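Have a look at the structure below before the remarks.
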Amino acid sequence: AREHIATLQSQGKNVSNASVVAIKPDTGEILAMVGSLDYNNDDIDGQVNVALAERQPGSSFKPYVYLTGLLQGMTPATMILDVRTAFQQADGTTYVPENYDRRYRGPVSLRNALAQSLNVPAIRVMDRVGVANALRTAHRLGINGLNRGLNYYGLSLVLGGGEVTLLDHTYAYSVLANGGVQAGEPVPPQNRRTGFRNLNPVAILQVRDSAGNVLKKYETSNVERIISADAQFLLADIMSDDVARAPVFGANSALTLPDRRVAAKTGTTNGNKDNWTVGFTPQLTVGVWVGNTDNESMIRTTGATAAAPLWHAVMH
């Protein structure tokens with residue numbers, strides 16, 4: 001992470017920090033957590049664990065919405081119109097989203113819409129499945145934030161208009177890596193909330209006192225099926241489809257690995273304050289955030305150019 005940020009700084013990208021979380025999907029164990037590049041560096045607020053900070057995820061939130069569509073009967077071949085559209089909001093205003101490149105592509109398949117991270121089709125899917133249903137999916141997968149009520153958020157949530165933590169986001173993706181099954185340790189009864197996850201990622205394997213007595217030991221993970229294996233398979237297949245992604249991200253980008261298939265999604269927020277890449281193989285889920293802890297904007301970066309190379313290096 002330090003090497004990568006140093007490289008971006010040498011390119012004048014105005015970026016000073018990064019956070020990385022790695023989780024073992026079949027047990028929920030946190031294998032690595034980089035909260036900041038340097039705990040003792042006050043210039044980057046190094047003592048803030050960015051992995052636990054709520055940040056806007058950008059388009060890395062889209063898989064939860066498309067997954068909701070797949071669970072409701074949509075397929076990778078479902079046709080979605082990518083045309084200029086004014087969506088009516090609950091408050092009476094209209095919302096006219098644009099794609100990242102400000103182009104429209106006409107009819108596109110759900111597969112290509114997600115793989116190429118097209119914004120207008122994503123809003124259409126959100127409108128079709130319902131914001132509340134998409135939120136329910138995200139909560140059940142592991143997102144503990146976004147808790148201002150199911151009716152609080154608008155369609156822009158699919159583009160990352162809410163805030164999530166990198167740890168929650170990576171844990172939710174680990175369910176997508178594990179066939180739709182969540183693994184971890186039970187949420188303490190006093191912390192359980194209806195509609196939210198029942199398991200937590202595992203941070204501590206053993207606690208011993210000064211005499212060597214074992215006070216706590218993590219034996220085996222609890223597991224709970226969150227979504228159907230069918231929907232998980234389809235989503236993971238789309239997210240690992242380099243041919244479908246290539247028109248926007250290029251072929252053999254940092255979102256691929258040389259020796260195995262890997263699923264991934266990037267995110268870039270408005271104002272270029274947060275760059276994300278989260279992805280997985282069945283054996284490993286890794287989430288990466290790149291940015292400035294004080295919310296200062298980066299210069300000419302995206303999730304694909306700033307976060308994906310670091311994600312690739314960790315996965316590889």
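Model, not experiment: these values are computed from the prediction.
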| query | Is any side-chain heavy atom of Pro201 closer than 4.5 Å to a side-chain heavy atom of Glu29? | reply | no
| task | Evaluate the criterion side-chain contact (heavy atoms from CB on, under 4.5 Å) for residue pair Val262 and Phe280; output intermediate values, then yes/no. | result | CA-CA 6 Å; Val262 60; Phe280 55 85; 6.0 Å; no
| remark: Taken to the nearest 0.5 Å, the spacing of Ile123 CD1 from Ile80 CD1 works out to 12.0 Å
| Intermediate values then yes/no, salt bridge (charged side-chain N to carboxylate O under 4.0 Å, His left out), Arg111 and Asp237 | CA-CA 9 Å; Arg111 175 181 295 275; Asp237 187 69; 2.8 Å; yes
| request: Using only heavy-atom distances, determine whether the side chains of Glu224 and Asn198 contain a donor-acceptor pair under 3.5 Å. | output: yes
| said: For a 4.5 angstrom cut-off between non-hydrogen side-chain atoms, does Lys62 reach Met126? | reply: no
| said: For Asn275 and Thr301, which I'm curious about, is there any donor-acceptor pair between the side chains at under 3.5 Å? | reply: yes
Donor-acceptor pairs under 3.5 Å, side chain of residues 19-26 to any protein atom, not counting sequence neighbours: which ones?
residue	atom	partner	partner atom	Å
Ser19	OG	Val34	O	2.7
Ser19	OG	Ala51	N	3.3
Lys24	NZ	Asp26	OD1	2.9
Lys24	NZ	Asp26	OD2	3.3

| task | Please check if the side chain of Arg140 supplies one atom and the backbone of Ile226 the other of a donor-acceptor pair under 3.5 Å. | result | yes
| field | Within 6.0 angstrom of Asn270 CG, more than 12 heavy atoms from elsewhere | value | no
Identify every side-chain donor-acceptor pair in residues 38-45 under 3.5 Å, counting partners at least two apart or on other chains, and give the distances.
residue	atom	partner	partner atom	Å
Asp38	OD1	Asn40	N	3.0
Asn41	OD1	Asp43	N	2.9

| message | Nearest 0.5 Å, please: how far is CZ in Arg2 from NE2 in His4? | response | 14.5 Å
| Can the ring centres of His169 and Tyr64 be said to be less than 6.0 Å apart? | yes
| Does Thr302 have any side chain to side chain contact (heavy atoms under 4.5 Å, CB included) partners at least two apart in sequence or in another chain, and if so, which? | Tyr100, Thr268, Ala304, Thr305
| query | Is there side-chain contact between Leu110 and Ile238, with at least one heavy-atom pair below 4.5 Å? | reply | yes
| message | For Arg261, is the CZ atom crowded, meaning more than 12 foreign heavy atoms sit under 6.0 Å from it? | response | yes
| request: Check step by step if salt bridge (charged side-chain N to carboxylate O under 4.0 Å, His left out) holds for Arg197 and Asp168. | output: CA-CA 10 Å; Arg197 72 187 192 216; Asp168 281 359; 2.9 Å; yes
| request: Report yes if the side chains of Glu185 and Leu199 come closer than 4.5 Å at any heavy-atom pair, otherwise no. | output: no
| request: Please name all residues satisfying side chain to side chain contact (heavy atoms under 4.5 Å, CB included) with Val214, sequence neighbours left out, ordered by chain then number. | output: Gln206, Arg208, Lys217
| Okay, side chain of Arg260, backbone of Thr281: is any donor-acceptor separation there less than 3.5 Å? | no
| request: Would you indicate whether the side-chain heavy atoms of Leu157 and Phe61 approach each other to under 4.5 Å? | output: yes
| message | Can a donor-acceptor pair be found, under 3.5 Å and without considering hydrogens, that links the side chain of Ser297 to the backbone of Gly271? | response | yes
| query | Between Thr277 and Ala308, is there a donor-acceptor pair closer than 3.5 Å when you use the side chain of the first and the backbone of the second? | reply | yes
| said: I'd like to know if Trp311 and Trp276 are part of one continuous hydrophobic network [Ile/Leu/Val/Met/Phe/Trp/Tyr, side-chain heavy atoms within less than 4.5 Å]. | reply: no
| Is there a donor-acceptor pair closer than 3.5 Å between any side-chain N or O of Asn99 and the backbone N or O of Arg102? | no
| message | Determine whether a donor-acceptor pair (N or O, by modelled atom type, separation under 3.5 Å) exists between the side chain of Asn112 and the backbone of Val108. | response | no
| Does a side-chain heavy-atom distance below 4.5 Å link Ser117 with Phe249? | yes
| said: For Glu296, give me all partners under salt bridge (charged side-chain N to carboxylate O under 4.0 Å, His left out), at least two apart in sequence or on another chain. | reply: none
| request: State, without any angle test, whether Thr68 and Thr137 hold a side-chain donor-acceptor pair at a distance under 3.5 Å. | output: yes
| task | Give the cluster check for Val278 versus Val164: same hydrophobic cluster or not, with ILVMFWY residues linked at side-chain heavy-atom distances below 4.5 Å. | result | yes
| Side-chain heavy atoms under 4.5 angstrom apart, residues restricted to Ile, Leu, Val, Met, Phe, Trp, Tyr: same cluster for Leu205 and Val207? | no
| field | Gap between atom CG of Leu141 and atom OH of Tyr171 - 0.5 Å precision | value | 10.5 Å
| query | Is there a donor-acceptor contact under 3.5 Å linking the side chains of Thr85 and Arg124? | reply | yes
| request: Determine the minimum heavy-atom distance between Tyr66 and Leu114, stating which atoms define it. | output: CD1-CD1, 3.6 Å
| said: Distance alone, cut at 3.5 Å: any donor-acceptor contact between the side chains of Asn295 and Arg55? | reply: yes
| Can any side-chain N or O of Asn292 pair as donor or acceptor with the backbone N or O of Asn14 at less than 3.5 Å? | yes
| task | May I ask you to test the Pro76-Leu70 pair for a side-chain heavy-atom distance under 4.5 Å? | result | yes
| note | All heavy atoms of Gln116 vs all of Pro247, minimum pair found to be NE2-CG, 3.6 Å
| note | Heavy-atom nearest pair, Leu310 first then Ala18, reads CD2-CB, 4.1 Å
| Can you tell me if CZ on Arg128 sees more than 12 non-hydrogen neighbours from other groups inside 6.0 Å? | no
| request: Drop me the distance from Tyr95's OH to Gln89's CD, to the nearest 0.5 angstrom. | output: 7.5 Å
| remark: Value for CG (Leu167) from CG (Asn49), rounded to nearest 0.5 Å, stands at 8.5 Å
| query | Is there a donor-acceptor pair under 3.5 Å between the side chain of His312 and the backbone N or O of Ala254? | reply | yes
| message | Under the criterion salt bridge (charged side-chain N to carboxylate O under 4.0 Å, His left out), I'd like the reasoning laid out for Asp242 against Arg245: C-alpha separation, chi angles, the key distance, then a yes or no. | response | CA-CA 5 Å; Asp242 198 49; Arg245 187 167 48 214; 3.3 Å; yes
| said: Holding to ring pair (Phe, Tyr, Trp, His ring centres under 6.0 Å), I want the full list of residues that pass it with Phe87, two or more places apart in sequence or in another chain. | reply: none
| query | Is there side-chain contact between Thr293 and Val50, with heavy atoms separated by less than 4.5 Å? | reply | yes
| remark: Lys13 and Arg300 have their tightest heavy-atom pair at NZ-O, 3.1 Å
| said: Let me confirm one number: the OG1-CG distance from Thr285 to Leu31, rounded to the nearest 0.5 Å. | reply: 9.5 Å
